[in-house]
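Chain letters run A, B, ... following the sequence lines, proteins first, then strands; residues in each count from 1.
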Amino acid sequence: MSAPEPIHALAFAPRGSLGAAPAAPLRVSFPARDIVQVMLRRGQDAAFAEAMRGAFGMEPPAPGHTATGQDATAIWIQPGQWLLTAPRGVEGALAARATAAFTGFAAVADQSHGRTTILLSGAAAREALSRGCRLDLHPRAFGPGRAASTPIAQIGCLLHQTDATPSFELTVFSTLAEPFLHWLIEATAPLGVDIA
Amino acid sequence: MSQRFRLPSGGHVDRSQRLGFSFDGRRYEGHAGDTLASALLANGVRLVGRSFKYHRPRGIFSAGIEEPNALVELRDGARREPNTRATVAELFDGLSATSQNHRGSLGFDWMAVNGLLAPFIGAGFYYKTFMWPAAFWERVYEPMIRKAAGLGRASGLPDPDHYEAAHAHCDVLVVGAGAAGLAAARAAGAAGARVILAEQDFLLGGDLLNEAEHDAWRSETIAALEAMPEVTVMPRTMVFGAYDQGVLGAIERVADHLPEPPPHTPRQRYWTIRATAVVLATGAHERLIAFPGNDRPGVMLAGAARTYARRYGVRAGETAALFATHDAAYDAAFALAEAGTRIAAIIDPRTDSAAMQRAREAGLAVRAGSVVNGTVGGKALRGVEIGTVGSASRGDAVPADLLMISGGWNPAVHLASMSGAALRWDDALLAFVPEEREESAWQRSAGACRGVHGFGAAAADGAAAGRAAAVAAGFDAADIPLPDAPSADHRPYALWEVKGGGKAFVDIQDDVTADDIRLAHREGFSHIEHAKRYTTHAMGTDQGKVGGLVGAAVLAEARGEPVASVGLPRFRPYTAPIAWGAMAGGEVGRHFQPVRRTALHGVHDELGAVWMDAGIWKRPAYYPKAGDTDGWASVKREARAVRERVGVCDVSTLGKIVVEGPDAATFLDRVYANTFSTLAVGRARYGLMLREDGIVFDDGTTTRLGPDRFFVTTTTAQAGPVMQHLEFHLASAWPDLDVSLASVTDQWAAMSIAGPKARDVVAAVVHGLDVSSEAFPFMAVADCKVAGVPARLFRISFSGELAYEIATPAGYATHVWQAVMEAGVPYGIEPYGVEALGLLRIEKGHVAGSEINGQTTALDLGLGRMLKKKGEFIGRVLAQRPGLTDQSRPHLVGLRSVDPARQIRAGSHLLVDGQDCGWISSATQSVVDPGWIGLGLLRDGEARIGSRIIAANPLMGEEVPVTVTSPHGYDAENLRVRT
Amino acid sequence: MAGYSGFRILAEGLRGNSGWTPAWRKAAPKPTYDVIVVGGGGHGLATAFYLASMHGITNVAVVERGLVGQGNTGRNTTIVRSNYLLPENNNFYEHSLKLWEGLEQSLNYNVMMSQRGVINLFHNDAQRNAALRRGNSMRLNGIDAEIVDRDGVKALCPIVDLDNGRYPVMGGLLQRRGGTARHDAVAWGFAHAADARGVDIIEHCEVTGMIVEGGAIQGVRTTRGEIRAPKVGLAVAGSTSTLTAMAGFDVPIETHLLQAFVSEGLKPLIDCVVTFGAGHFYVSQSDKGGLVFGGGLDGYPSYGQRGTLPTAEHVYAAGISMIPALGRLRGLRNWAGVMDMTPDGSPYICKTPVRGLYMTAGWCYGGFKATPGSGWCHAWTIAKDEPHRLNAAHTLDRFREGRMLDERGNGPFFWAQ
Amino acid sequence: MLRIPCPHCGARDEVEFTYRGDATVTRPAPDAGVDAFHDYLYLRRNPRGWQVEWWQHNGGCRAFLKVLRHTVTHEVRGVATATETLEVPEA
């Protein structure tokens with residue numbers, strides 16, 4: 001019996017167009033991601049960075065930033081902690097790779113099922129986010145390659161900007177993904193949104 | 001229907017747009033650009049409301065947010081908004097409004113009889129009477145007072161509109177878009193700053209809207225602002241309060257000017273604005289003069305009459321008088337005269353002035369050295385009585401249906417004061433202005449709100465403030481073109497009150513008179529804060545904007561001191577009243593808190609689960625089936641399935657934390673009262689966590705996954721607090737420990753498979769693991785595959801039966817659940833909910849949240865043996881305090897109703913010989929030995945096992961005999977979990 | 001000074017209200033007193049009143065930094081009730097409630113005590129069980145309490161949305177004798193009545209030091225000179241830590257902010273006091289027509305007397321969730337009281353490490369309803385140099401002994417955890 | 001509303017943080033006895049003025065921070081990580 005595909009936390013979320021229908025509506029999608037939490041061990045900064053370079057081809061990003069390597073993105077989340085994310089692959093493979101690379105330098109916890117990522121893209125994305133996000137996302141204050149954790153609609157959200165469209169990836173606890181999406185729909189519908 | 005008082009041209013109304021509206025059921029017409037007040041005046045409506053206490057007839061008094069009188073119930077049905085100021089309500093087609101606070105009609109309000117009782121119901125009268133007989137207060141006096149008090153009526157129906165919160169950041173926030181605010185925003189914008197310009201009005205310009213000759217500058221400036229990409233102009237946005245560190249709150253009226261909000265549009269939006277620098281350009285409020293009859297409909301602030309004429313193209317009267325103490329107010333007379341109103345008299349206490357001469361030159365009758373000392377009329381002004389300064393005698397009366405008054409201008413210092421600016425008395429303006437302080441470099445006032453009046457001066461002041469604000473926010477100063485225009489003289493003659501017979505109001509809404517202020521002083525309420533509270537002065541919806549300072553001046557005179565030393569009551573939020581719904585934002589009702597769902601939520605839904613709230617989680621309480629007579633029948637059926645066969649329960653909500661690092665075991669030994677460093681890899685152990693004060697905090701099982709890696713579980717309720725507790729101690733007490741924490745609550749779904757047939761079911765779905773009792777004993781843990789997906793199997797039990805827990809990455813939860821249910825068919829498996837889970841654990845005698853309630857110790861709960869004898873742990877020291885080790889503390893016991901049919905309830909108290917000796921923490925019906933059972937905490941509990949006591953629930957009239965038992969009634973030897 | 005009555009109002013009204021005199025004298029300090037009460041709020045004035053009326057001690061000074069009744073007495077939501085779980089607390093508050101019930105008559109001042117009923121809503125089994133436990137404790141201690149179901153809630157307050165979509169209402173614990181009082185009047189009434197019994201009420205007199213000799217209090221230093229007395233009682237919410245520091249000891253208190261709000265005036269809409277069980281919100285309607293409402297603490301220590309926005313948002317949101325009909329009404333004014341929070345949420349009325357120094361303090365957010373009871377017990381403790389049975393447990397030492405009075409099981413300084 | 005400059009994340013609204021008590025008290029040694037633990041857990045200086053406090057940025061980076069804050073003006077004058085020290089200014 002072949003292993004079944006996991007069910008995405010937003011598999012049953014509504015799809016389609018909502019609200020106003022401007023020329024360039026916002027776009028919302030739910031990319032499947034593998035996500036691994038990496039926690040630096042005391043005093044292993046250099047060795048860890050070396051391992052990160054070797055295994056993923058990037059430096060561990062500084063606070064508030066992301067880094068993109070060969071096949072994964074690292075997002076700073078806490079002092080000494082990062083999320084490694086990559087498009088959905090074989091169950092547990094990213095965690096296994098990270099464990100193999102970081103043993104002795106950092107602890108690794110697979111969060112691929114525990115976190116759910118929503119992609120929001122479009123010219124009005126900042127305006128939509130301002131309906132709940134307390135951060136200053138103005139280009140002078142934020143931009144591609146920046147990341148921040150912040151509560152939105154009472155739900156902890158890791159937000160990172162991926163391009164200047166602007167596009168944002170919003171990563172939340174999977175058990176709260178539905179109410180978070182509800183908020184996002186409320187925030188985007190007045191501006192027009194397509195949910196894919 | 002004709003707008004009899006509308007001028008043929010001029011102002012900022014669009015006469016091509018005719019908007020129909022109704023007031024008290026009568027139909028009228030106004031124009032786009034009108035407020036309800038300007039439209040009413042255009043139609044000659046003068047009487048619009050009744051006052052708070054004496055129910056005196058009242059008319060429109062102002063043209064802005066300071067309106068004390070013209071409060072109406074706007075809209076109908078569920079959208080009814082009581083106390084809406086007609087002076088700021090934007091007219092829309094179909095608007096309907098109703099006057100308020102009268103019994104009978106607006107024209108004949110029989111509550112007006114209160115006016116005759118005025119000598120006996122002055123300030124504070126109620127403190128001195130209504131005391132006898134005592135019971136009469138609630139039954140007679142108070143209902144009478146309550147009915148008479150209050151203003152408008154709430155609809156009592158749910159608000160059909162929605163609201164939203166929003167967040168903004170800027171370098172410079174400019175509050176107010178008059179000349180000063182427009183110039184400030186332009187200067188800051190020109191410097192390159194990100195600017196927000198918030199204006200409560202629907203048009204930008206403030207007083208410029210009354211000055212057609214400066215409209216070109218206004219339009220040009222607005223166009224310049226709109227061309228700056230980093231300047232955001234927000235009309236209809238009232239900044240209601242200044243909070244710490246450059247944070248201000250504002251309400252944007254998104255759809256109040258429409259009959260109802262369009263789809264997906266909130267009625268209002270609540271903004272939190274964070275600004276590096278703030279320019280307050282909030283203008284000034286004109287103040288009244290206290291004189292007898294100063295509240296008669298037709299008495300109006302001079303600036304308001306001018307606004308109605310100039311901005312709205314409405315004459316507020318046929319024959320007008322002006323009573324003013326300064327030159328700037330004369331423009332009202334000129335404006336009305338231009339509009340065709342006959343100016344009957346200009347009454348001015350001063351002997352001479354430039355404006356006076358101009359008025360005379362224009363042919364207006366000026367009465368220098370004069371005051372108004374009375375008004376004539378009933379529900380509308382008919383005449384004005386004019387006397388001379390300093391003389392008590394009544395003078396002659398001139399006919400007038402409009403009396404324009406101005407006692408000077410009060411800078412709107414509300415926001416400045418709230419954000420910490422001290423106020424300074426300005427002897428020339430006779431008003432308080434913000435003290436300029438060095439340390440508030442991030443905030444400055446500009447224009448009329450700091451006493452700089454007039455277009456040219458205010459614009460220059462605003463530009464300077466905007467420039468400085470931009471510099472404070474880190475930008476280079478930029479210059480903008482400034483107009484050159486002379487300013488009228490706003491310095492008033494010090495006349496606060498004209499004494500005479502009759503009520504001279506200082507708070508025109510709450511019916512506070514100058515005599516009331518003097519009475520308060522006579523009774524010792526001489527401090528402004530005391531006088532305010534005793535008389536209710538400045539406590540109405542306008543918060544004293546038009547009369548607050550006048551009352552203070554009356555008090556000052558009574559005290560024989562200058563106004564400056566009397567001061568004003570403390571300024572607090574809000575600058576003007578704000579809609580409840582707006583402040584609440586969108587997270588209300590169904591969305592008051594997010595709903596947290598386990599990965600199996602859809603499975604439970606399909607099974608028809610009855611849901612219950614567990615914090616923000618939704619959990620299945622039970623699953624009704626055809627044939628269940630009630631909820632209890634379902635619960636007992638599910639529990640019996642577990643006791644007799646096998647059941648499956650979603651336990652995903654438990655908190656799960658991976659604790660990893662070289663010091664993980666040391667850390668767990670310190671945070672748990674028992675030991676984990678001795679735990680073998682692949683084994684789980686029950687743990688008890690105390691608070692620092694020695695009270696039990698949480699419990700759960702912890703598994704050792706590797707030498708330095710543990711998997712900790714917490715209760716559902718304490719998952720968050722436990723994580724913070726662990727993080728805090730790592731950061732503060734033991735920064736030397738090398739440990740990392742990762743919450744994996746959402747990563748893993750978990751289900752418990754419990755019952756004598758649990759092993760059969762588990763064996764059928766688990767691959768690659770021998771689950772025989774020998775190979776996989778009680779408290780064993782192993783990674784495995786279940787139905788082809790990764791999983792972790794725990795042999796742990798909460799129900800007291802042979803049980804396993806399968807944890808699986810959340811995306812596979814449905815798949816695993818379905819595999820378990822299929823494998824369980826031959827064994828009669830049933831899903832069970834939280835209620836059955838509770839029943840089972842009470843039968844077994846396991847404590848849960850009802851017992852670990854933050855008040856109990858390990859000893860109380862019979863868990864004293866878990867406290868390790870050696871080594872440090874949180875709570876160890878303070879748990880030894882005598883009050884916590886006292887033998888007489890209530891102790892955990894089991895309870896059984898003597899009559900199996902008589903229910904016992906959690907929350908009942910346990911009476912021994914009539915003495916309250918404890919309480920029932922949990923109660924349920926047993927399935928192994930039918931009848932009502934429970935757990936409780938009972939003084940000398942252990943000693944009373946076997947005795948019969950009373951479970952008393954006087955709230956419900958119940959006294960149920962119960963037998964005290966050991967809490968561990970079911971399988972006390974723990975054989976079943978180990979089989 | 002003649003007393004207050006309807007008759008006198010008539011008589012004064014007929015002669016132009018010119019015969020009224022100050023409600024209390026503006027006294028100047030004497031060099032010595034038998035007792036100094038520091039703090040001219042409700043608790044301090046009540047202490048002085050009961051010292052005079054119950055114990056015959058009238059040579060008493062009340063020294064107040066600013067004005068009578070300008071601390072929390074003038075900045076609260078006016079609720080009076082005795083619906084507590086622990087007998088130590090519910091017996092005390094019930095005594096206070098009984099004093100309230102006769103306060104108009106004993107003070108000759110209408111404090112507008114209005115027993116409109118206080119109902120705490122509950123939304124799930126655990127809350128209901130806790131309400132039953134608390135209500136039964138009240139009943140077993142002779143205090144009125146009722147448990148009401150959804151219909152009962154609807155009857156008491158028809159505009160509550162029982163099915164609010166997120167946390168439906170299951171029922172409520174009702175104390176009919178609870179209600180509201182006119183907050184300012186309580187301070188003024190006690191001042192009026194204490195003054196009538198000879199107490200000196202000294203406003204604008206700030207204590208700058210405590211005179212302690214040989215471990216015993218001897219008096220206080222003030223901005224209006226030194227005042228001596230063998231006994232000093234502290235009733236200084238918001239300044240307790242400052243004054244005990246002057247006397248040489250720290251106390252288990254952290255000072256926090258509690259916001260309160262009032263709406264515009266409305267015709268009668270809400271007839272009782274209602275508290276939401278699923279969020280921090282409670283509301284009642286004043287005689288003047290304003291809805292008086294509030295919620296939880298701001299979350300960090302402050303003496304600032306001004307609240308923060310996020311707490312206000314929560315209060316308004318919880319309000320709408322409980323009563324959706326509030327949406328189009330308007331908030332008028334918002335203020336914050338300074339709360340002396342104790343580790344277990346229960347107060348201190350007790351002796352202190354300094355002989356002759358007593359205190360009533362740590363009233364958390366429950367000080368208003370305690371006003372007469374606090375004064376009564378504080379006066380007793382000062383007069384007898386030992387606590388009354390009702391306040392015997394409310395000591396500073398209870399934490400050292402592990403005898404906390406933790407009503408809710410929140411643990412020490414729960415907001416700090 | 002407080003804005004606290006997190007050393008890792010920048011200035012953030014107070015809703016992202018949780019106050020966790022006076023940071024100048026330190027947990028006593030395990031053998032310090034009941035009185036020492038009593039004073040640590042219960043007694044507070046509770047100043048009207050500057051105080052160094054624990055705040056957790058639990059809505060952001062979860063770090064425990066030391067914050068020098070004024071209890072009347074609410075001004076935040078310094079923020080440090082858990083292992084750094086902050087001095088309370090005189091008066």
Considering only heavy atoms, which portion of [X] lies under 4.5 Å from any heavy atom of chain C: side chain, backbone, both, or neither?
{"X": "T536(B)", "answer": "side chain"}
{"X": "A148(B)", "answer": "backbone"}
{"X": "L117(B)", "answer": "neither"}
{"X": "V595(B)", "answer": "both"}
{"X": "T541(B)", "answer": "both"}
{"X": "D244(B)", "answer": "side chain"}
{"X": "P82(B)", "answer": "both"}

Between [X] and [Y], does at least one N-O distance fall below 4.0 Å, as a salt bridge requires?
{"X": "E523(B)", "Y": "K128(B)", "result": "yes"}
{"X": "D510(B)", "Y": "K53(B)", "result": "no"}
{"X": "D159(B)", "Y": "R328(C)", "result": "yes"}

Side chain, backbone, both or neither: which part of [X] has a non-hydrogen atom closer than 4.5 Å to chain B?
{"X": "E203(C)", "result": "side chain"}
{"X": "M404(C)", "result": "side chain"}
{"X": "L266(C)", "result": "both"}
{"X": "N136(C)", "result": "both"}
{"X": "A126(C)", "result": "neither"}
{"X": "Q70(C)", "result": "side chain"}
{"X": "S286(C)", "result": "backbone"}
{"X": "L291(C)", "result": "side chain"}
{"X": "L85(C)", "result": "side chain"}
{"X": "I323(C)", "result": "neither"}
{"X": "K26(C)", "result": "side chain"}
{"X": "Q105(C)", "result": "side chain"}
{"X": "A130(C)", "result": "neither"}
{"X": "R408(C)", "result": "backbone"}

Tell me whether R75(C) forms a cation-pi arrangement with W335(C), defined as NZ or CZ under 6.0 Å from the six-membered ring centre and within 45 degrees of its axis.
no

If you count heavy-atom pairs under 4.5 Å between each of [options] and chain B, which one has the most?
{"options": "N124(C), L10(C), N164(C), L269(C)", "answer": "L10(C)"}
{"options": "R182(C), R128(C), M138(C), E104(C)", "answer": "R182(C)"}
{"options": "I147(C), I159(C), V111(C)", "answer": "I147(C)"}
{"options": "P87(C), G289(C), G165(C)", "answer": "G165(C)"}
{"options": "R398(C), H123(C), Q285(C), R400(C)", "answer": "Q285(C)"}
{"options": "L309(C), L173(C), D271(C), V262(C)", "answer": "L309(C)"}

Does the side chain of [X] pick up a donor-acceptor pair with the side chain of [Y] at under 3.5 Å?
{"X": "R8(C)", "Y": "T129(B)", "result": "no"}
{"X": "T308(C)", "Y": "D298(C)", "result": "no"}
{"X": "H183(C)", "Y": "T73(C)", "result": "no"}

Relative to the ring of [Y], is the ring of [X] parallel (under 30°), tilted (30 to 60°) or perpendicular (over 60°)?
{"X": "H530(B)", "Y": "H527(B)", "value": "perpendicular"}
{"X": "F130(B)", "Y": "F125(B)", "value": "perpendicular"}
{"X": "H192(C)", "Y": "Y4(C)", "value": "parallel"}
{"X": "Y127(B)", "Y": "Y109(C)", "value": "parallel"}
{"X": "F293(C)", "Y": "F261(C)", "value": "parallel"}

Side-chain contact, heavy-atom cut-off 4.5 Å: [X] with [Y]?
{"X": "I578(B)", "Y": "R330(C)", "answer": "no"}
{"X": "R403(C)", "Y": "D397(C)", "answer": "no"}
{"X": "H204(C)", "Y": "L67(C)", "answer": "yes"}

